[in-house]
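First the structure, in the form of structure tokens, and then the observations on it.
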Amino acid sequence: MTMSEKIGMSEAAAFIKEHDGFLILSHANPDGDTLGCAFALCRALQKLGKKAKNICADELSHRYDFMKRAVEKQEFEPQTYITVDVADTRLLGDLEKQYGDRIDLAIDHHISHAEFAKLLLIEPHAAAAAQTVYKLIMELGGAELLDEKIAACLYTGISTDSGCFKYSCATAETHRIAAELLEYDFDHSALDFVFFDLKTKARIALEEKIYHDMEFYCGGKCALVTLSKEQLASVDSEDSNGLSAIPRMIEGVEVGVVIKQRGNGSWKASLRSNSSVDVQKICSVFGGGGHEKAAGCSFGSMDIEEIKRVLTAEIGKVFE
Ligand SMILES: [Mn+2]
């Protein structure tokens, strides 16, 4: 077990300048933040004359093609390992075994960050890890290093993690960084359309099912929906992202819960809070984690009725 050291922006920049051969790792079931960070940092490092590439355990949706085009394909033996937006090595998926214990620098914004890397650049109040990567890139090369491709990647990270700037995690700093990014020439409106408005027919059918099957607990303060692996089979993983936001859109609901079944039969619950309820705390009871207003936990292959019972009982405690 290596000791982790928390560092600041200038130390992280110094570390990067002293090293080379970077492999940047994103979390499995990737989202706009982990990929936006990885591709933006990769491009910035390549522009600094470093060898850099990034990987993810899972395949990327075509929505991220513009990010792929931002980096050059480089072949080399990695020497320096950086994770972006990865709260725990478990979230690396199939990459955990090979890389989990050799991460040099973790750049993250999760309160529940597991401190697995030698160096930690953690900003727990950032709406997205992309905010931290933005500051790191500015530290490395300033506004000249940043360009429209890096800006588009970072903007996507920030917009997707903040629900298009709607979530309470979107602070003045979030908006200031986004404003700086918008100085570069990329079509943010087209990105927002693709990431927030555009839906496949399979996704619409799944949403229909969610509204139909919604259950209410805690006197209507908790809305819950379960999605079996059969129900999820019709959509790809990209289409099943963001479903967790749906139950909490109902008036009177303070905690929204979506429990999805994985291909192997195990269940994963995603909790979203509309109020002062700290769902990170609730999920930690079941070994999970995340943020105050968005968190998750896993239940293995337990009986779904039992999962619903223990989870809603725990949620009910905060309303007592
Ligand atoms: Mn994130």
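Just follow the structure's listing: the first ligand is 1, and inside any ligand the first atom is 1. Quick caveat: nothing in here was measured; it's all calculated off a predicted structure.
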Nearest to the Mn ion (ligand 1), which N, O or S atom of Asp33 do we find? OD2
Considering just N/O/S atoms, say which atom of Asp85 is closest to the Mn ion (ligand 1). OD1
Give the ring-plane orientation class for Tyr64 versus Phe195, where under 30° counts as parallel, over 60° as perpendicular and anything between as tilted. tilted
Within the side chain of Asp94, is there an N or O that forms a donor-acceptor pair under 3.5 Å with the backbone of Ala57?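 Not a single qualifying donor-acceptor pair exists.
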How wide is the angle at the Mn ion (ligand 1) spanned by Asp161 OD2 and His109 NE2, rounded to 10 degrees? 90°
With Ile82, which of Leu25, Leu41, Asp104 fulfils side chain to side chain contact (heavy atoms under 4.5 Å, CB included)? Leu41
Between Glu11 and Leu119, is there a side-chain heavy-atom distance shorter than 4.5 Å?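 Not in contact.
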